[in-house]
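Below you'll find the structure, written out as structure tokens, and then a few comments.
Counting convention: from 1, in listed order, for ligands and their atoms alike.
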Amino acid sequence: MKPITIAIDGHSSCGKSTMAKWLATQLGYIYVDTGAMYRAVTLFALRRGLLTDGNPDTTALERLMPAVEVSFSLNHKTKQPQTMLCGEVVEDDIRTMEVSEHVSKIAALPFVRAAMTQQQQKMGEQGGIVMDGRDIGTAVFPNAELKVFVTARAEVRAQRRFDELKAKGMEASFEEILRNVQERDYIDSHREVAPLRQADDALLLDNSDLTREEQNAWLLQQATNVIKASEN
Ligand code: DC
């Protein structure tokens, strides 16, 4: 039985990574967070001083792209995958506000997308993978056996982020978060190369009114159906 490829795309802040990671564990598949890869390239650019006033030095970054090695390893303590940049663990460094603020511009550069897409296709060559991102079902694995497009109402996503920040004791304005969610939706869906869109053959999962358990049960059911069908 050939393990299948599962592509999970969708809007930001709707729990894609959590559900993709959970599904991979259930199936014994590899999980790849492609957002982390774009974040790692952004960290590389920041560390090399290739971003001035938010604008990337595209000539220098393109020249240096062959040196940007992004990979994943297992953190033996947390048992979670961790992002590596040129052999260094950068899992925490790629989640900072500074990286979040610059990643959209870096992820929109065609030569960055080409390099990351190539690496992602190599990682998924053998199947047995759950990959989450924005363009997995449309550009990276257009032939994935299962594609899911995840969304939720912007207000629901903003509320979830607001609650998360509050739980961490951080100050947050709901209006500001909502604006940020809507802005990221717009940038992700309107860039020229591989914009965020639902693939024609992707299943739509709107989790606005679902509990995590309901959502996970639905997801596992879809994966099981496809795996069973591929066995026949
Ligand atoms: O999922 P995330 O928020 O960590 O993603 C970070 C950024 O990378 C976000 O601006 C969208 C972009 N991205 C992308 O363009 N293509 C992907 N396959 C994954 C993420």
Side-chain angles (χ1 to χ4, degrees), residues 5-24 30-46 51 54 56 61 65 68 70-72 80-85 90-124 129-142 144 147-152 154 157-158 160-161 164-165 177 179-199 202 205 207:
T5 298
I6 301 176
I8 301 193
D9 291 303
H11 289 112
S12 64
S13 305
C14 52
K16 287 190 304 294
S17 307
T18 310
M19 77 174 77
K21 211 181 288 177
W22 178 85
L23 183 63
I30 291 168
Y31 162 67
V32 175
D33 172 356
T34 62
M37 299 175 72
Y38 290 99
R39 286 173 179 272
V41 180
T42 307
L43 181 66
F44 179 93
L46 282 165
L51 276 150
L61 183 58
M65 266 324 273
V68 185
V70 185
S71 59
F72 296 93
Q80 297 291 325
Q82 55 188 7
T83 312
M84 317 275 294
L85 173 62
V90 291
E91 188 55 36
D92 291 336
D93 308 72
I94 61 168
R95 311 282 169 194
T96 60
M97 272 310 286
E98 195 185 16
V99 169
S100 300
E101 276 165 16
H102 294 100
V103 64
S104 294
K105 278 210 174 156
I106 296 290
L109 298 171
F111 64 86
V112 171
R113 299 208 73 81
M116 291 304 107
T117 300
Q118 198 181 25
Q119 290 193 22
Q120 290 153 11
Q121 288 170 336
K122 203 149 188 272
M123 290 174 183
I129 198 159
V130 182
M131 199 172 268
D132 89 68
R134 306 292 193 283
D135 62 337
I136 311 306
T138 51
V140 181
F141 292 118
K147 299 180 189 177
V148 177
F149 188 86
V150 194
T151 190
R157 290 184 279 140
R160 288 176 188 160
R161 274 179 64 193
E164 259 170 35
L165 291 174
I177 294 176
R179 250 200 320 275
N180 179 260
V181 162
Q182 289 165 331
E183 197 176 277
R184 292 221 289 165
D185 286 353
Y186 185 87
I187 296 176
D188 285 347
S189 325
H190 287 81
R191 66 168 173 242
E192 254 169 54
V193 186
L196 171 67
R197 68 169 182 85
Q198 182 179 349
L205 170 63
N207 65 14

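Put simply, part of R113 is less than 4.0 Å from ligand 1, judged by heavy atoms. For S104, the heavy-atom gap to ligand 1 drops under 4.0 angstrom. The shortest separation from a heavy atom of M116 to ligand 1 is not under 4.0 Å, leaving the residue out of contact.
The nearest heavy-atom contact from the protein to atom 19 (C) of ligand 1 is T34 OG1, 3.3 Å. A107 CB, 3.9 Å is the protein heavy atom nearest to atom 12 (C) of ligand 1. R39 NE, 2.8 Å is the protein heavy atom nearest to atom 4 (O) of ligand 1. From the protein, the heavy atom lying nearest to atom 9 (C) of ligand 1 is R134 NH2, 3.7 Å. For atom 5 (O) of ligand 1, the nearest non-hydrogen atom of the protein is G35 CA, 3.6 Å.
Using a 4.0 Å cut-off between heavy atoms, I187 makes no contact with ligand 1 at all.
Considering backbone and side-chain atoms alike, K16 places every N or O at 3.5 Å or more from each N or O of ligand 1. Between D33 and ligand 1, no pair of N/O atoms sits closer than 3.5 Å.
Salt-bridge formation is detected for the pair R157/D185: a Lys NZ or Arg NE/NH1/NH2 atom is positioned less than 4.0 Å from an Asp or Glu carboxylate oxygen.
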